[in-house]
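What follows is a set of notes on a single structure, which appears directly below.
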Amino acid sequence: MSQPNQRRVAKSRHDYQSPAFCIDNIDLTFELDPKATRVTSVMQLRRLRDSEPLHLDGQQLQLVSVAIDDIPLSDTQYQLDDNSLILTALPDSCRLTIVTIVAPQQNTALEGLYLAGTTFCTQCEAEGFRRISYFLDRPDVLAQYSVTIIADAEQYPYLLSNGNKVAEHFDAQGRRVVRWHDPFPKPSYLFALVAGDFDVLEDQFCTQSGRNVSLQLYVDKGQGDKGHFALAALKRAMAWDEQRFNLEYDLDVYMVVAVDFFNMGAMENKGLNVFNSKYVLADAATATDRDYFNIESIIGHEYFHNWTGNRVTCRDWFQLSLKEGLTVFRDQEFSADMSSPTLCRIDAIKLIKTAQFAEDASPMSHPIRPEQVLEMNNFYTVTVYDKGAEVIRMLQTLLGKQAFADGLTLYLRRHDGQAVTCDDFLQAMQDASGVDLTAFARWYSQSGTPELSVSQQYDASTKQLRLVLQQHTPATADQAEKQPLVLPVKVELLIPGAASQRHLLTLTEAVAEFNFVNISAEPVVVWLEQFSAPVKLHVNSSDENLLYIATNATDGVARWDAMQQYWSRQIAQLIKGHPLEALLPDTLFTLLSQLLAQPGNDTALSAELLTLPDFDTLAEQYAEIPVDAIIDARKQLSLHLANCLAQALLNCYHTLGCEPYQYQQDAAGRRHLRAVCLHYLALLGREELIRRHYHQSDNMTDTISALQAAQQGSAVLFAQLLQRFSEKWYQDALATDKAFSLAATDPTEQVFSGIEHMLQHPLFSWQNPNRIRALFSAFSMRNAAQFHRADGRGYALLQQTVAKVDAINPQVAARLVTPLLSWRRYDAKRQSLMRQALLQLSQLAAISNDLYEKVSRSLN
Ligand code: TRP
Ligand code: ZN
């Protein structure tokens, strides 16, 4: 049945109103039962504004009773609808007791209280608490929580909630009763409860002030051995935040629970993080180097939220980037210090240039601080998170590392225990640094990708260099008018015969020029070093200069970026019909051969330099995306490189050899370069090599590399190896997800039967977001050739999947639909097929708010 129209009203950022009541304390009692869990909530209320009713949020709740100061209300004394419970004529302060019943077993949306397998678990961000009890479910209502959990003692030996455990006993019926108290006032989105049986890993961390914190990691029974890396990463994160930002943990216990059913990566609930098991469990046999990296980064991310998010939280959900942009920035800095700053930066840049630029160009375009929101879950986006982190990074660049750290310290001290806004954050940064941030603040309100055009003029007679910078932001779906932004542009001047110079140019107007004197010879300019601002760069440098930068820039990121520009340009030429052989100069092969001949030096960067930009990066360079041409040109160029470099690739491959697995930066770099060599060699049909790579592998990283090489090079071998791989990991869900993704990224038409086949796998479940993403996000986001088939078969598959998933888990459905939203960027034929798919989705009788918001924005 269709939702009533009143539910479809979007909220605007400007309509913020502070709450009419505050809730100082809440005492919750849960009697856990999969079918019917009874939740008793006792709240101490205080009126903040006269004569307004109390408007509590609640969804999918069965109301049992309401009492004020222990006097039960009859059902004429309150108003109840699908989304709220309204109480009028309340005293200025009172105790409100509400009893509700919820059904965790029916909860497939995985918001509120649900069952992850047999484990009870909650997810409250953004607006999930209202599915547990009636409450002021908004981040600016901070309460102290006491929680009592009552459950069958045998089935649920561990009953967890936020803060400190204050009591444990058995009741008259032999049930286990555990009581928790969290001394830190918090918004409802940070509440958590977990109940189940686990393997528990324990450790300790001694803080800089000498307090001992007990660390506890809870994973499914039998998986304990796979938790050690995450626990060690947690200790590294705790030490790092003390060293870098002088921030110390504040409770006596820090718990991390891994569950199999989870909508996102992880959740920073106070003192009780809940993680997708994918981002906790790792050993050499089942996790890749990339998995290890992600685990460390997400463990860090959730830990860092304890200050940036929990101690200081958001006033309203429009301010989400206040905690997410800042915390992503912090986790990136942590990862950089734990592994390679260059590779971490390259990763972050790739994400912005693909997913984030695409989002800016899509119907869902929004500033990092959105203006209009229908379903908050739709705004946990690469824009809010990752562009948000770029904005924080620009602040650090503009203010300097020390002033930035001082600003963060001031922000946290000034607002500890409060729910604040992005403006409060900027104010603290401004006060600490003395730098006026009025103009910079525009980054928070303006959406879209700025385009930066640059040029240089050198006068040999005066030895002067002039750099001209010009910015322009094209209109986006949500915002027609754009203004100039503050752009920190780092440059390196590579001066022949002299030391290079590095400068920070700050562009504040539409156009500006910067003059340099005493430059002894015409320099090659490395523009936008470190991707110092999230913009599209237009620069007219020659191929020759790009290769010069790729060889000579001081910074590895700049070398990679120049190489990417170079590759993109050759692919663009191919698309225009230029013959391949004429394109590639000897200097290119000299550079590449050198990279392959000396794999000892920075192998990870060499691997990145040798890798062509992916489909999505290339697609961003076109207003109308020439799907087939991009795929063909990219293939042609890869094959040509493989042919020209065959011997060097093979030598490099053998020089690197295979080594016993250890997750460690240098070793991971060698595995990566070796995989890149194998990938090219696979295009030449080197099946024996792939087979051997697969069989020699003692770790998941090399195994997956072999499978990926086979996937591109040889359909028969791919089918054989994937079959073997699936059988080996038949019982392991996370490894089976890798088999699902491999099947779904098969570039041939076999992909459809492959997906069909995997749907029959006993571990596939429409209830489990990891399974759905492993198959269908992989297909729609990493298999352009088949997803964008001209016959529309790919679009139809995604449409049917989204329709099915929307009835089960709207959050997952709304993320899955993303690739269809940008239909306007394709040719007429594809446009009409994609639009057709969206139209069908828009007609779903019970379409969720999540899916409705995206589909309707796209069709309007
Ligand atoms: N705040 C979480 C993080 O950034 C992410 C998050 C938001 C989330 N909503 C969620 C996680 C819903 C799981 C489910 O780490
Ligand atoms: Zn976060």
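Quick note: numbers below take in every heavy atom, side chains included, and nothing from hydrogens, waters or symmetry partners. Order of listing sets the numbers, starting from 1, for every ligand and every atom in it.
On a distance-only criterion, Y380 and ligand 1 share no N/O pair closer than 3.5 Å.
Scanning all protein heavy atoms for the shortest distance to atom 15 (O) of ligand 1 gives E302 OE2, 2.6 Å. For atom 1 (N) of ligand 1, the closest non-hydrogen atom of the protein is E125 OE1, 2.5 Å. Protein heavy atom at the shortest distance from atom 2 (C) of ligand 1 is E268 OE1, 3.2 Å. The nearest protein atom to atom 5 (C) of ligand 1, hydrogens excluded, is given as Y385 OH, 3.3 Å; this is a heavy-atom distance.
Residues W180 and Y145 have side chains not in contact (no heavy-atom distance under 4.5 Å, counting atoms from C-beta outward). The shortest distance between side-chain heavy atoms of Q216 and Y254 does not fall below 4.5 Å. Side-chain contact check for F304 versus E268: every heavy-atom pair is 4.5 Å or farther apart.
At least one test fails for R130 against the ring of F135: distance under 6.0 Å to the centre or angle within 45° of the axis. Both the sub-6.0 Å distance and the 45° axial angle are not jointly satisfied by K186 relative to the ring of F191.
The H301 neighbourhood of ligand 1 comprises atoms 3 (C), 4 (O), 15 (O), with distances under 4.0 Å to a heavy atom of that residue. In summary, the atoms of ligand 1 found under 4.0 Å from a heavy atom of Q123, numbered by their order in the structure, are 8 (C), 10 (C), 12 (C), 13 (C), 14 (C). Listed by number with element, the atoms of ligand 1 under 4.0 angstrom from any heavy atom of M264 are 5 (C), 6 (C), 7 (C), 8 (C), 9 (N), 10 (C), 11 (C), 12 (C), 13 (C), 14 (C). Near M267, meaning under 4.0 Å from one of its heavy atoms, ligand 1 places the atoms 1 (N), 2 (C).
Remark: at the Zn ion (ligand 2), atom NE2 from H301 and atom NE2 from H305 enclose 100°, rounded to the nearest 10 degrees.
For A266, the heavy-atom gap to ligand 1 drops under 4.0 angstrom.
Among the backbone and side-chain atoms of E324, an N/O/S atom is found under 2.8 Å from the Zn ion (ligand 2).
Classified by interplanar angle (parallel below 30°, tilted 30° to 60°, perpendicular above 60°), the ring pair F776/F764 is perpendicular.
Contacts with ligand 1 closer than 4.0 Å are made by side-chain heavy atoms of K323 only, the backbone lying farther away. Residue contacts with ligand 1 for E111 are absent, since no atom lies close enough (heavy atoms, distance under 4.0 Å).
When F261, Y156, Y158 are each tested for a ring pair (Phe, Tyr, Trp, His ring centres under 6.0 Å) with F120, only one passes: Y156.
The line from CZ of F129 to OH of Y189 is 14.0 Å long, rounded to the nearest 0.5 Å.
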Worksheet entry | Y292 and F229: CA distance, side-chain angles, deciding distance, ring-ring contact (aromatic ring centres under 6.0 Å, His included) verdict | CA-CA 8 Å; Y292 278 97; F229 179 77; 4.9 Å; yes
